[in-house]
Number of protein chains: 2
Amino acid sequence: MLDDEDTVTAEGTPDPRKAWETVLASIEGDLLSGRLGPGDHLPPERALATALGVGRSSVREAVRVLEVLGLIRTQTGSGPQSGAIIVARPSGGMSLLMRLQVAARAFPVDDVVSTRLILEAAIATQLASGPFDLSPARELLDSMDAPGLGAADFLALDAQFHVSLAAASTNTVLAAMMAGLRDSVEGYVLASAPDADAWPDTAARLRAEHRGIVAAIDAGDPDTASARIRDHIHGYYLQTTTPKETPW
Amino acid sequence: MLDDEDTVTAEGTPDPRKAWETVLASIEGDLLSGRLGPGDHLPPERALATALGVGRSSVREAVRVLEVLGLIRTQTGSGPQSGAIIVARPSGGMSLLMRLQVAARAFPVDDVVSTRLILEAAIATQLASGPFDLSPARELLDSMDAPGLGAADFLALDAQFHVSLAAASTNTVLAAMMAGLRDSVEGYVLASAPDADAWPDTAARLRAEHRGIVAAIDAGDPDTASARIRDHIHGYYLQTTTPKETPW
DNA sequence: GGTACGGTGTGGTCAGACCACATGCTCGAC
DNA sequence: GTCGAGCATGTGGTCTGACCACACCGTACC
């Protein structure tokens, strides 16, 4: 039933592409052409399989890729919310990619930190240069003032604060990258958190630095905002790691 | 390793994780613990399936994810080169992720361009501040001097030039991001290339700007290098698009 | 009118069967 | 002994068919 039907029906070209790549390419084409867009449902896996002349397992591999890349959300059951829906949430995929690359030693932690430093400095510069909505970041600052916050909880809020700065820039790419960079080293940050004795002092310093960054942004002072971000990240990194040769 | 089967055999917890997530988590754990590293082979799919108590299709979904993320390379056949080998080449996954997110309208092209601008400016600053090996970039500049180069060929070299600058910074994360940003808008760049009449002038200008950037880096002048990169990218972007409100 | 219940369609998973391919070994020819 | 052809083996790649769990939706019953 399937013999010659795929692709060039009359020609001998047996389609060198793998079956799942065919599916991925087809969906990407539908996205580019506008046939698919945010909020739309992908066809059911079985329908996609017969439509493209591949097995359902190949369709599933492509769908799985789209899911981990944050392009779609899948749900079982029936009804409007079931099936594979295009959602386009990049941060999840970015985080997974970076986390695994760090785990596989392709991304040294040093590089992740310096990249984060570059991005955040640029973000701070940008935020200080124009009117942006920093209220989510401010709320996180207030949350971090809560007394008795443990290191893990504080650092979680800290991470959200930095990501919220990226989000405030309204640059979705920047925000996704920041989220990915943060998540990829989350384990290392938590593992190197100061112990309970030194923690209160560290937390106090971090709070002050955060406020200082936002203050510089509010003051419309890009250079100071950028410099304070640099010191903030760089300082914390140096504190929690064995200094070896000052990454860039 | 966790007790196989469905986790707690005696308990009612039926493992809420999906089967392929189990596989992915297992491999990630092996990477983090050092049991797996660059160059190593993943166990055969069938062995992995029985070892984790899941079906081979679930293993394949996880392997597929690792492959598109650039973590492994798969090959059929037998022998040392066959199977799934950990390679950790991040750029492929970064490119796919960004390309699809752009296709799904989650990443506006404007954001991609401004992010690229930020990253390249930072890279130029860094390159001008220390000794780095720019010879790959120089060779690309020479290649771009070849007469009679078409727009498509020139732009391909152009893209490689910019990525080579990122690679010269020795920051793997930065290099991967730059490659991804480039690839994600490749289609748009090619589609908006000037026609044959205007092309020679454009190419000449781009050549001169590239040389100017490298010259500033060689001169150890971070500010000039950064400014020239900004003008270079921004200028080209404005030229090829309908200006609307000057992205960032 | 409201509620319980079963039909239906979705993704999630597994098992088994082939295929194509690369390797490496065996065995025969010389 | 050397060399080459050819088969055995093990890998990923794919398809098929079968279930399951789940969420909805319509119908029949109360």
Side-chain angles (χ1 to χ4, degrees), chain A residues 1-7 12-27 39-69 71-87, chain B residues 4-7 12-27 39-87:
Chain A
M1 65 181 269
L2 59 145
D3 37 320
D4 60 346
E5 80 195 351
D6 60 303
T7 333
T13 314
D15 192 355
R17 272 189 316 187
K18 293 169 185 169
W20 62 270
E21 287 179 317
T22 305
V23 180
L24 211 48
S26 162
I27 295 174
D40 288 348
H41 279 68
L42 248 51
E45 295 176 356
R46 292 160 177 88
L48 214 42
T50 59
L52 297 176
V54 300
R56 192 183 158 206
S57 48
S58 298
V59 171
R60 283 188 60 74
E61 290 183 20
V63 167
R64 190 63 52 236
V65 168
L66 294 175
E67 182 177 357
V68 299
L69 255 31
L71 227 78
I72 62 174
R73 173 179 64 77
T74 63
Q75 187 135 343
T76 62
S78 76
Q81 291 306 307
S82 76
I85 304 179
I86 299 180
V87 292
Chain B
D4 46 37
E5 313 296 352
D6 57 332
T7 339
T13 314
D15 192 354
R17 273 190 316 187
K18 293 170 185 171
W20 62 271
E21 286 178 318
T22 306
V23 180
L24 211 49
S26 162
I27 296 174
D40 289 346
H41 279 68
L42 248 49
E45 295 176 355
R46 291 162 178 87
L48 214 42
T50 60
L52 297 176
V54 301
R56 192 183 158 208
S57 49
S58 298
V59 172
R60 284 188 59 74
E61 291 183 19
V63 167
R64 189 67 50 236
V65 168
L66 294 176
E67 182 177 357
V68 299
L69 255 33
L71 228 79
I72 62 175
R73 172 179 65 76
T74 63
Q75 187 136 341
T76 63
S78 76
Q81 290 306 309
S82 75
I85 304 179
I86 299 179
V87 293

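Just so it is clear: chains get the letters A, B, ... in the order the sequence lines come, proteins before strands, and each one is counted from 1.
- When heavy atoms are screened at a 4.0 angstrom cut-off, B:S58 is found touching the sugar-phosphate backbone but no base atom.
- For the pair A:Q75 CD and C:dG9 C1', the computed distance is 14 Å after rounding to whole Å.
- Side chain of B:S78, nearest nucleotide from D:dG13, D:dT11, C:dA22: C:dA22.
- Of the listed nucleotides (C:dT13, D:dT11, C:dT10), D:dT11 has the atom at the smallest distance from the side chain of B:S82.
- Look at A:T74 and you'll find a side-chain N or O under 4.0 angstrom from OP1 or OP2 of C:dG12.
- Across all strands, A:G77 comes closer than 4.0 Å to base atoms (heavy-atom distances).
- The base of C:dG11 sits with one of its N or O atoms less than 3.5 Å from a complementary donor or acceptor on the side chain of A:R46.
- As rounded to whole Å, 16 Å separates atom P of C:dG9 from atom CD of A:E45.
- In this structure the side chain of A:L69 reaches within 4.5 angstrom of the side chain of B:L69, judged on heavy atoms.
- Using a 4.0 Å heavy-atom criterion, one finds that B:V63 contacts no nucleic acid atom at all.
- The interatomic distance linking A:E61 (CD) with C:dT13 (C1') rounds to 14 Å, in whole Å.
- Note that CD of A:Q81 is 7.0 Å distant from CD of A:Q75, once rounded to the nearest 0.5 Å.
- Straight-line distance from the NE2 atom of B:H41 to the C1' atom of C:dA22: 12 Å, rounded to whole Å.
- The separation between B:R60 atom CZ and C:dA15 atom P is 16 Å, rounded to whole Å.
- One atom, CG of A:L48, and another, P of C:dG12, lie 14 Å apart when rounded to the nearest Å.
- Interatomic distance, NZ of A:K18 versus CZ of B:R64, reported as 6.0 Å (0.5 Å rounding).
- In this structure, CD1 on A:I86 lies 12.0 Å from CZ on A:R73, to the nearest 0.5 angstrom.
- Each of B:Q81 and B:A19 has a nearest nucleotide on DNA chain C; the 5'-most of these lies closest to B:A19.
- The side chain of A:T76 lies closest to C:dG12, out of C:dG12, C:dG24, D:dC24.
- Note: CD1 (B:I85) to C1' (C:dT23) measures 14 Å, nearest angstrom.
- Distance check: A:T22 OG1 to A:L52 CG gives 7.5 Å after rounding to the nearest 0.5 Å.
- If you check distances only, the side chain of B:R56 does reach the base of D:dG13 with a donor-acceptor pair under 3.5 Å.
- The residue B:R64 sits close only to the backbone: its heavy atoms come under 4.0 Å of sugar-phosphate atoms, none of a base.
- Going from atom CG of B:L42 over to atom P of D:dG10 covers 19 Å, rounded to whole Å.
- Ranked by how close their nearest DNA chain D nucleotide is to the 5' end, A:S57 and A:P80 are led by A:S57.
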